[in-house]
K.L.:
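One structure is given below, represented as structure tokens, and several questions about it will come after.
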Amino acid sequence: MQDLKTVIIQADLTWENPEENRTCFSRKIDMISESVDLIVLPEMFSTGFTMKPYNVAETMHGKTILWMQNIAKIKSTAITGSLIIKENNNYYNRLVFAYPSGEIQTYDKRHTFTLAGEHEVYTSGREKLILEYKGWKICPLICYDLRFPVWARNVETYDLLLYVANWPKPRIAAWNALLKARAIENMAYCIGVNRVGFDINKHEYSGHSAAYNSLGEQISNIPPSSEMTQIVTLNAIHLQKTREKLQFLNDRDSFQIDI
């Protein structure tokens, strides 16, 4: 297990315009001047958080998936974020994790955001994903999942918890508190990547993208409400030593989730 050099891209999104968003992220990624291990984009990074998926949904062989695979191969890095996928006549808010090899793994958002009617449009996921990359076990989740600690509970001894989001400014205090709490209770690094700007419905997003270590200490310094790309290094030895010393995960409760 080595240190994991991770790129957080906090960005504004162009509404329901995958081509423009891909171009924007390509420019930001091209500006990264050093070798990195993982690039993290926001939720629905190609469209914004739309409840009209029929306008912009893609397939698993669509342009955005191919773009992610191409970025991963060219930059020799993994890249992840969520986008709208149509499959078997269902729409999914699907996180895609593309490896440098071009291989992909996916996670469908478990907790659809009922306040916005997401549950009426998108099919909820039913499986938690724990993926392995460069010796790290990673648990990727999406936005509203952050409010449900049981789903994120570290029964698999994962090392990194990832949240990609379109989390609105009026409830940003909850975002800040819950990201830190998830890091502490799961004794894992926790990274949350949120968008900035306004969407077509005049909802404002203030970012507050952040990375925390397993003690809940913030290791990033991304200014709110600004587009910014920041590299954070996740220290493998720090994580291992903290767990060996404190061993809080040994006392976790056993349980089973009924889905």
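Remember, it's a predicted structure, so these values are computed and weren't measured experimentally.
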K.L.:
If you group Ile, Leu, Val, Met, Phe, Trp and Tyr by side-chain heavy-atom gaps below 4.5 Å, do L41 and I138 land in one group?
P.N.:
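Different clusters: L41 never reaches I138 through Ile, Leu, Val, Met, Phe, Trp or Tyr contacts under 4.5 Å.
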K.L.:
For the residue pair R195 and G197, what are the closest heavy atoms and their distance?
P.N.:
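Here R195 and G197 meet closest at NH2-C, 4.0 Å.
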K.L.:
Check R94 with E87, please: is the shortest side-chain N to carboxylate O separation under 4.0 Å?
P.N.:
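Looking at E87 and R94, the cut-off is met.
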K.L.:
Parallel under 30°, tilted from 30 to 60°, perpendicular over 60°: which one fits the rings of Y144 and H111?
P.N.:
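Answer is perpendicular, since the angle exceeds 60°.
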K.L.:
Measure up the F45 and W67 rings against each other and bin them: parallel (under 30°), tilted (30 to 60°), perpendicular (over 60°).
P.N.:
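Correct class here is tilted.
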K.L.:
Once you measure the plane-to-plane angle for Y189 and W136, does it fall in the parallel (<30°), tilted (30-60°) or perpendicular (>60°) bin?
P.N.:
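Y189 and W136: tilted rings.
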K.L.:
With no hydrogens and no angle check, do the side chains of N93 and S82 hold a donor and an acceptor under 3.5 Å apart?
P.N.:
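Yes, S82 and N93 have a side-chain donor paired with an acceptor closer than 3.5 Å.
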K.L.:
Group every Ile, Leu, Val, Met, Phe, Trp and Tyr by side-chain heavy-atom contacts under 4.5 Å, then state whether V96 and I29 land in the same group.
P.N.:
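Cluster IDs for V96 and I29 match.
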K.L.:
Less than 4.0 Å between a side-chain N and a carboxylate O, is that true for E217 and K180?
P.N.:
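No salt bridge links K180 with E217.
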K.L.:
Do D159 and K134 meet the salt-bridge criterion of a basic N to acidic O distance under 4.0 Å?
P.N.:
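Looking at K134 and D159, the cut-off is not met.
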K.L.:
Identify whether the distance between the nearest side-chain nitrogen and carboxylate oxygen of E43 and K109 falls below 4.0 Å.
P.N.:
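Yes, this pair counts.
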K.L.:
Would you check, one step at a time, whether the test salt bridge (charged side-chain N to carboxylate O under 4.0 Å, His left out) holds for D30 with K75?
P.N.:
CA-CA 9 Å; D30 284 342; K75 297 293 185 180; 3.6 Å; yes
K.L.:
Could you check whether T64 and E58, counting side-chain N and O atoms only, form a donor-acceptor pair closer than 3.5 Å?
P.N.:
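Indeed, the side chains of E58 and T64 share at least one donor-acceptor pair under 3.5 Å.
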K.L.:
Please check if the number of heavy atoms outside E127 that lie under 6.0 Å from its CD is greater than 12.
P.N.:
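No - once you tally the heavy atoms of other residues, nucleotides and ligands closer than 6.0 Å, there are 12 at most.
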K.L.:
Examine the side chains of N154 and R252 and answer whether a donor and an acceptor come within less than 3.5 Å of each other.
P.N.:
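Per modelled atom types, N154 and R252 side chains form no pair under 3.5 Å.
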K.L.:
Looking at D37 and K5, is there a salt bridge between them, counting it only when a charged N and a carboxylate O are closer than 4.0 Å?
P.N.:
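Salt bridge absent between K5 and D37.
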K.L.:
Mind running side chain to side chain donor-acceptor pair (under 3.5 Å) on E16 and T47 for me, showing each step along the way?
P.N.:
CA-CA 4 Å; E16 293 186 358; T47 59; over 6 Å; no
K.L.:
Report the distance from atom CG of L95 to atom CG of L83, rounding to the nearest 0.5 Å.
P.N.:
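Here the interatomic distance stands at 8.5 Å.
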K.L.:
Name the residue from T233, V36, L234 that meets the side-chain contact (heavy atoms from CB on, under 4.5 Å) definition with L4.
P.N.:
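When T233, V36, L234 are each tested with L4, the side-chain contact (heavy atoms from CB on, under 4.5 Å) holds only for L234.
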K.L.:
Just by distance, no angles: are the side chains of S209 and Q10 close enough, under 3.5 Å, to form a donor-acceptor pair?
P.N.:
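Judged by distance alone, the side chains do pair up.
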K.L.:
Taking the six-membered ring for Trp, is the centroid-to-centroid distance between Y205 and F49 below 6.0 Å?
P.N.:
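No, the ring centres sit 6.0 Å or more apart.
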K.L.:
Decide whether H208 and N194 meet the rule of one side-chain donor and one side-chain acceptor closer than 3.5 Å.
P.N.:
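No, N194 and H208 have no side-chain donor paired with an acceptor closer than 3.5 Å.
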K.L.:
What distance do N201 atom CG and M51 atom CE have between them, rounded to the nearest 0.5 Å?
P.N.:
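The distance works out to 9.0 Å.
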K.L.:
Once rounded to the nearest 0.5 Å, what's the spacing between atom CG of N166 and atom NE2 of H203?
P.N.:
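One finds 10.5 Å between CG of N166 and NE2 of H203.
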